[in-house]
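Side chains included, hydrogens not; waters and symmetry mates left out as well; all remaining heavy atoms used. Order of the sequence lines sets the chain letters (A, B, ...), proteins ahead of strands, with each chain counted from 1.
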There are 2 protein chains.
Amino acid sequence: MNAVTIKDVASAAGVSVATASRVLSGHPATSPDSRAKVESAAKELGFMPNAQARSLRSTKTDSIALLISDVRNPYFSDLAHAVEQHARAAGLMTFIGNANEDAAQQDDFLATMLSRRVDGLVIVPQGLNEESNQPSEMMNRVLSSGIPTIFVDRALPSVQVPAITANSAQALDEAVATLQSLGHQNIAFVGGPKHASTALERYSAFETALANNGLHADEALHFVGDFQPASGALAAKWLLENPAKPSAIIVADAPMAIGALRVWRELGVRVGSDLSVITFDEVDAMLIHDPPIATIGHDLSQMGKMAVQALREVMAGQKPEPEELISKFTLRPSVASAKATQVMEGKVRP
Amino acid sequence: MNAVTIKDVASAAGVSVATASRVLSGHPATSPDSRAKVESAAKELGFMPNAQARSLRSTKTDSIALLISDVRNPYFSDLAHAVEQHARAAGLMTFIGNANEDAAQQDDFLATMLSRRVDGLVIVPQGLNEESNQPSEMMNRVLSSGIPTIFVDRALPSVQVPAITANSAQALDEAVATLQSLGHQNIAFVGGPKHASTALERYSAFETALANNGLHADEALHFVGDFQPASGALAAKWLLENPAKPSAIIVADAPMAIGALRVWRELGVRVGSDLSVITFDEVDAMLIHDPPIATIGHDLSQMGKMAVQALREVMAGQKPEPEELISKFTLRPSVASAKATQVMEGKVRP
DNA sequence: CTTACTCATGTAAACGATTCCATGGAATCG
DNA sequence: CGATTCCATGGAATCGTTTACATGAGTAAG
């Protein structure tokens, strides 16, 4: 395999391993002479330092772990890409792990990363355990281990970790105001699972927005999904059968919206005329949709950048403040006036 | 931090480190008695083995690297997910790296992985260097290092590495036959960059399919893109200005299709009536599109599974055969009869 | 009862880097 | 010119595991 070690380099260069090591890791106390000899020997032999030996001794790995729910969710793949690019710029390798919205896989990944002694963790937390209302055991271990950690996108209440989150209050206010001014009275909301802080934030901001615009919240118009496409599909049908006949709907994430849009298309519901749709997460699929879907979203590249920056501050021993990005509402043709919506009865296009 | 080592566990359990190690790594020669003592001590102390020390000595890391172009491309994120799940089932951690269609980033990632001594590599190769017509230096190093490697999705000609690829000949044949039977004579093709083997395979299969169906290939109907959304957008405009007025188009990957569909929508071109569209890669965005887009695609979960399996065979010292998945054509409403296409002149909807 | 063999255990040597410490020569200072 | 400082260097310890080898107890076979 790659049997060439620093020892080989040292003897080829005619110096000790200590000197070779110093040259290769940029230590100042080296003569130009030995620097030249070691460098050329290393290149000659194709020396490639063994990262585990290095970090076993030096206790740093120049790597961080990013734990997300699912790479297949475009929201998270965009976020992952942003984190990776900014970490890379700071000389850090990023390990991406999928929790698949599953606490066991999350813990598994965290355990592996702890074993590998990554220098820091960026986590989209999966939420507290349903029964115990506590973070999982592994999460507690992470938190008590003292390894630099920050949360991104979501936060955990009661856990003191810097978090980079998004605030959608303003955007939802605008969205609801827009719908209201177009004559929509019954606005449905497809939310996320209660273990996700984003789900709570979004629904409560929605309720506030309703109140601000003279509308009243109605639990019968609230569908609790799980942020996955399948539950979006269920929500789509739930909407059509809802006795209140809502004329507009706000969906709390892109995968659920994707699931829902597919069902509506199959059933012939015309988004943007039969039904006004606004969704969270400004991802490609929403923009190529015909009609384009109005979204509430934030800059993921920015979020990734802030996450890496905050993490580096923690790694440097500082205590960064939690930060909030302000989400933006973008009106698009998926939203129309409520009048067009009267046709909802004839939901299946011939 | 996590200062608890196997030494601590051993002394807490009242045995030697050797025994502790044997118990913890499941070595058979251990007594039930010491097994019990060590295990409880380990749990008690929250022992978490240091992966670098372990693999420094044992020369295995139980991890593999997956090099793809870009996680944000849904095709690759699906593939990444599949590889990860199957690797995980085999007890292997997967490191995902983005090349961003950039040889420098590819080499960077490979260097890091080589340093970390991953047990194997699954690579979507970026292609040969434009000038030298050779794999990059780092790629050569990977290949000569003897580290188990397989290619997936793409292959490199002249490089002897087992590859899992897709064969689209049949699917393209069906696709072209379908178009032809609907009266389409001028079928445009938006291909990929020539450094990608998939681009070559797809275009040459397309040419064959034309011939099989009594149509002739025409370079003026071939747009060479780069697999990214922006070049899809260019292709979309190119098509509209093409003097041959093609009535149907086949796009060689999803990101380009996404870029193109967006442009067509903005310009009011009605896909499925003004223009028949077929695209490679069966991803969500194509299915929620209205109308749904006909696709040529293959089972990515299957591809991921085969990749992991082939890699494990290489790791076990075997020499697996290259394998080909057969792509499938799925007809959807984005394809219509050519007659409807006469309206192409009035391309901008009022 | 001896011999041979199995088996759990401990001691110590790896693995491949970094880094502390001692050394000796050159440079600087009074 | 002698004393002090500086600096590049090499030897050796170290990081936390695994594992080759030696040991000694217990067991089965003769």
Side-chain angles (χ1 to χ4, degrees), chain A residues 1-39 41-42 45-63 111-112 114-119 145 147, chain B residues 1-39 41-42 45-63 111-112 114-119 145 147:
Chain A
M1 207 77 97
N2 194 335
V4 40
T5 75
I6 201 173
K7 228 167 174 170
D8 303 319
V9 173
S11 66
V15 298
S16 72
V17 287
T19 305
S21 168
R22 278 187 279 254
V23 169
L24 294 169
S25 52
H27 189 99
T30 50
S31 70
D33 179 50
S34 52
R35 228 172 300 162
K37 284 190 296 184
V38 171
E39 270 158 12
L45 298 173
F47 172 65
M48 188 144 282
N50 183 318
Q52 28 243 13
R54 181 205 290 269
S55 47
L56 174 58
R57 179 64 224 245
S58 62
T59 64
K60 59 200 214 57
T61 55
D62 294 324
S63 63
T112 310
L114 248 37
S115 266
R116 288 179 189 273
R117 305 292 193 264
V118 292
D119 295 340
S145 74
I147 177 172
Chain B
M1 208 78 100
N2 195 335
V4 39
T5 75
I6 200 173
K7 228 167 174 170
D8 303 320
V9 174
S11 66
V15 298
S16 73
V17 288
T19 304
S21 168
R22 278 188 278 254
V23 169
L24 294 169
S25 52
H27 189 99
T30 50
S31 70
D33 178 50
S34 52
R35 227 171 301 162
K37 282 189 296 183
V38 170
E39 269 157 12
L45 298 172
F47 172 66
M48 188 143 284
N50 182 318
Q52 28 243 15
R54 180 204 291 267
S55 46
L56 174 59
R57 177 64 225 246
S58 62
T59 65
K60 59 201 214 55
T61 54
D62 294 324
S63 63
T112 310
L114 248 38
S115 266
R116 288 180 187 273
R117 304 291 192 268
V118 291
D119 296 341
S145 74
I147 176 172

(Q) Just to be sure I follow the notation: if a pair is Watson-Crick (purine N1 to pyrimidine N3 plus N6-O4 or O6-N4) or a G-U wobble (N1-O2 and O6-N3), each under 3.5 Å, what dot-bracket string does DNA chain C give, with | for pairs to another strand? (A) ||||||||||||||||||||||||||||||
**Q.** A:Thr61 and A:Arg117: CA distance, side-chain angles, deciding distance, side chain to side chain donor-acceptor pair (under 3.5 Å) verdict
**A.** CA-CA 7 Å; A:Thr61 55; A:Arg117 305 292 193 264; over 6 Å; no
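- Using a 4.0 Å cut-off on heavy atoms, the residues of residues 8-19 of chain A that approach DNA chain C are A:Ala18, listed by number.
- Nucleic acid contact class of A:Ser21 (heavy atoms, under 4.0 Å, all strands): base.
- Remark: P of C:dC15 and NZ of B:Lys60 are 18 Å apart, rounded to the nearest angstrom.
- At the heavy-atom level, B:Ser34 lies under 4.0 Å from the strands shown only through sugar-phosphate atoms.
- Atom CD in B:Gln52 sits about 15 Å away from atom C1' in D:dT14, given to the nearest Å.
- Between B:Ile6 atom CD1 and C:dT9 atom P there is a gap of 14 Å when expressed in whole angstrom units.
- For the pair B:Arg35 CZ and C:dC7 P, the computed distance is 13 Å after rounding to whole Å.
- Atom CZ of A:Arg117 is separated from atom P of D:dG16 by 8 Å (rounded to the nearest Å).
- Note: NE2 (B:His27) to P (D:dC21) measures 14 Å, nearest angstrom.
- Residue A:Asn50 has its side chain nearest to C:dG16 when only D:dA8, D:dT17, C:dG16 are considered.
- Side-chain contact, B:Thr30 with B:Arg22: no donor N or O sits under 3.5 Å from an acceptor N or O.
- The side chain of B:Thr5 sits closest to D:dG16 out of D:dT9, D:dG16, C:dT19.
- For B:Arg57 against D:dT17, a side-chain-to-base donor-acceptor contact under 3.5 Å is absent.
- In this structure a side-chain-to-backbone donor-acceptor pair under 3.5 Å is present from B:Ser115 to A:Pro49.
- Among the nucleotides D:dT17, C:dA8, C:dG16, the one closest to any side-chain atom of A:Ala53 is C:dG16.
- With rounding to whole Å, B:Arg22 atom CZ is found 14 Å from C:dA12 atom P.
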